[in-house]
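Down below is the structure, laid out as C-alpha cells.
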Amino acid sequence: MGFLFALLFIWLPCAFYASHVAADKGHNGAAWFFGGFLFGPIALIAAAGLSDQKLRRYIRLTAENQGIDVSEPKPAAEIAQNILKGKRGY
C-alpha cells in the first residue's frame, strides 16, 4: 500500500514536473519524464538545475545582431583591452 502511494503521489508527479521543467528549458522532456519516474524528487531537482538552452540561444542571437563575435571564446585580457578601447567585438 505504501509503495503504491509513493508511486502515485510522489514519483508520478515528479516525473511530470521534471518533464515539463526540462522541456521549458529546451531539453528532451520524454527522457526527463522517465528519469523523474525512476529517481523521483532527485530528478526534479536536477531538472531545475539544467541550463536554459532557449535563453542561451536568445542571448547568442541578440549578441550576433549587435555585431558581437560569438564564434569562439577570447582570452579575458583581450576582452578587457577591447572594452577599454571602446570596441564592440567583446
Shortest non-hydrogen contact between A47 and A18, atoms and distance: CB-O, 3.8 Å
Heavy atoms only: give me the nearest G29-S19 pair and the separation to one decimal. O-OG, 3.0 Å
Heavy atoms, side chains only, cut-off 4.5 Å: are S51 and R56 in contact? yes
Using every non-hydrogen atom in the two residues, find where G36 and A43 come nearest and quote the distance to one decimal. CA-CB, 3.5 Å
With a cut-off of 6.0 Å (strictly less than), are more than 12 heavy atoms of other residues, nucleotides or ligands near CG of L55? yes
Rounded to the nearest 0.5 angstrom, the CG-CZ distance for L4 and F9 is 8.0 Å
Hey, are the side chains of F37 and L12 touching, using non-hydrogen atoms and a 4.5 Å cut-off? yes
W11 CH2 to C14 SG distance, which is reported to the nearest 0.5 Å: 7.0 Å
Show the nearest heavy-atom pair for residues L50 and A22, with the distance to one decimal. CD1-CB, 3.9 Å
Counting neighbours of CZ on R60 that are heavy atoms of other residues, nucleotides or ligands and sit closer than 6.0 Å, is the number greater than 12? yes
Are there over 12 heavy-atom neighbours, none belonging to H27, within less than 6.0 Å of that residue's NE2? yes
Which of these, Y17, F16, W32, sits in a side chain to side chain contact (heavy atoms under 4.5 Å, CB included) with L44? Y17
Is the backbone of Q53 close enough, under 3.5 Å, to the side chain of K25 for a donor and an acceptor to pair up by distance? no
Nearest non-hydrogen partners of D52 and D24, listed with the distance: OD1-O, 4.3 Å
One should read off an interatomic distance between I45 CD1 and F39 CZ, to the nearest 0.5 angstrom, of 13.5 Å
Between the side chains of T62 and E64, does any donor sit under 3.5 Å from an acceptor? no
Reported CG-to-CZ distance for the pair N28 and F34, which is rounded to 0.5 angstrom: 10.0 Å
